[in-house]
A.B. asks: 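Handing you this structure, nothing more for now.
Numbering of ligands and ligand atoms starts at 1, following listing order. Residues: numbered from 1 along the sequence shown.
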Amino acid sequence: MPKIHLIANWKAHPGTVSEARRLALDACDAITRSRSIELVLAVPHPFLSAVAEVLGKKRGIVLAAQDVSAYEEGAHTGSVTASMLKSIGVQEVIVGHSERRSNGLTDEGVSARVHKLLKRGLTVVICVGEKARDMYGNYLKAIESQVLAALKNAPKSAARKLVIAYEPLWAIGEDAISSDTPEGFREVAIYIRKVLSAQFGPTAAVKIPVLYGGSVNSKNAEQFLREGHASGLLIGRASLKSKDFNDIIAGAERVGKERV
Ligand code: PGA
């Protein structure tokens, strides 16, 4: 059985590098005995090297970035490229988070980033999600078009390096209405897999992890994994509180043991 993919998305937290080291150390402690979880720390760019040092050669924890430039090295002030990230030990990168999209990131920008990351052999976590649900199922079309746009012209071999995170916008952050339900997630995940299957074939598509994100906490995490059959979770706020995050890890570990 594949490991449960848990991504801690720290967003623009914490404020200092020493706090970042502390969070990373806590994550290392929490994951020590886990055999069923692949823990991914999605860290702000300035702290990536410090967290890479803390993680060292620890197995079961992956270093991730929260975004990447659509460009290669060159005259692009302020940009951080895929090869820079790779050279400091980043293995995975989030692309197309709604908080980047709301800052002007377009579908074309997402696709350009995906291609740059795949070229460097990095794993890409593509975030998709609708702004609002409607009773006619149009939201599924919105999700489909985000997936297709992100993966435009992606070769079949890309399937091994992809993760899809379904994050409905209404479920994310302090202003969330609520989280989705495990059933709601399951329906969307089936739909996403159909879209992936059309592009990569059913055998490859079934292996692409489809995660749930949006107000995941220590109370609902296990339900999304068990009842929602999520391949993993993308966790924002709760990943910054060590006690909550430890509880999520423990819950995921229980589900992981049942899945074996
Ligand atoms: P949240 O954020 O868990 O704080 O809702 C999730 C995300 O935006 O990745």
A.B. asks: My understanding is that we take every heavy atom of each candidate and find the minimum distance to atom 5 (O) of ligand 1. Doing that for Ala238, Gly173, Ala42, Ala176, which one comes out nearest?
C.D. replies: Gly173

A.B. asks: Looking only at distance, does Gly214 have an N or O less than 3.5 Å from an N or O of ligand 1?
C.D. replies: no

A.B. asks: Please could you name the atoms of ligand 1 that Leu234 approaches to less than 4.0 Å, counting only its heavy atoms?
C.D. replies: 9 (O)

A.B. asks: If the cut-off is 4.0 Å to any non-hydrogen atom of Glu167, which atoms of ligand 1 fall inside it?
C.D. replies: 6 (C), 7 (C), 8 (O), 9 (O)

A.B. asks: Strictly below 4.0 Å, N to O, side chains only: are Asp244 and Arg237 in salt-bridge contact?
C.D. replies: no

A.B. asks: Please indicate whether Arg100 has more than 12 foreign heavy atoms, meaning atoms of other residues, nucleotides or ligands, lying under 6.0 Å from its CZ.
C.D. replies: no

A.B. asks: Hey, are Asp247 and Ser218 close enough side-chain-wise for a donor-acceptor pair under 3.5 Å?
C.D. replies: no

A.B. asks: Just by distance, do the side chain of Arg186 and the backbone of Glu227 share a donor-acceptor pair under 3.5 Å?
C.D. replies: yes

A.B. asks: Enumerate donor-acceptor pairs with a distance under 3.5 Å from any side-chain N or O in residues 119-128 to protein atoms, sequence neighbours excluded.
C.D. replies:
from	atom 1	to	atom 2	distance (Å)
Lys119	NZ	Glu72	OE2	2.7
Arg120	NH2	Glu72	OE1	2.9

A.B. asks: Is Glu174 near ligand 1, meaning one of its heavy atoms is under 4.0 Å from it?
C.D. replies: no

A.B. asks: Which of the listed options, Gln66, Glu99, Lys11, holds the heavy atom that is closest to atom 2 (O) of ligand 1?
C.D. replies: Lys11

A.B. asks: Show the numbers, then the answer: is there a side chain to side chain donor-acceptor pair (under 3.5 Å) between Trp10 and Gln66?
C.D. replies: CA-CA 9 Å; Trp10 291 357; Gln66 299 171 9; over 6 Å; no

A.B. asks: How about NZ on Lys152, more than 12 heavy atoms from neighbouring residues, nucleotides or ligands closer than 6.0 Å, or not?
C.D. replies: no

A.B. asks: Indicate, as side chain, backbone, both or neither, the part of Ile172 found under 4.0 angstrom from ligand 1 when only non-hydrogen atoms are considered.
C.D. replies: both

A.B. asks: Which of the atoms in ligand 1, numbered in the order shown and given with their element, are less than 4.0 Å from a heavy-atom of Arg237?
C.D. replies: 1 (P), 3 (O), 4 (O), 5 (O)

A.B. asks: Which atoms from ligand 1 have a heavy atom of Asn9 less than 4.0 Å away?
C.D. replies: 9 (O)

A.B. asks: How far is atom 3 (O) of ligand 1 from the closest protein heavy atom, and which atom is that?
C.D. replies: Gly236 N, 2.9 Å

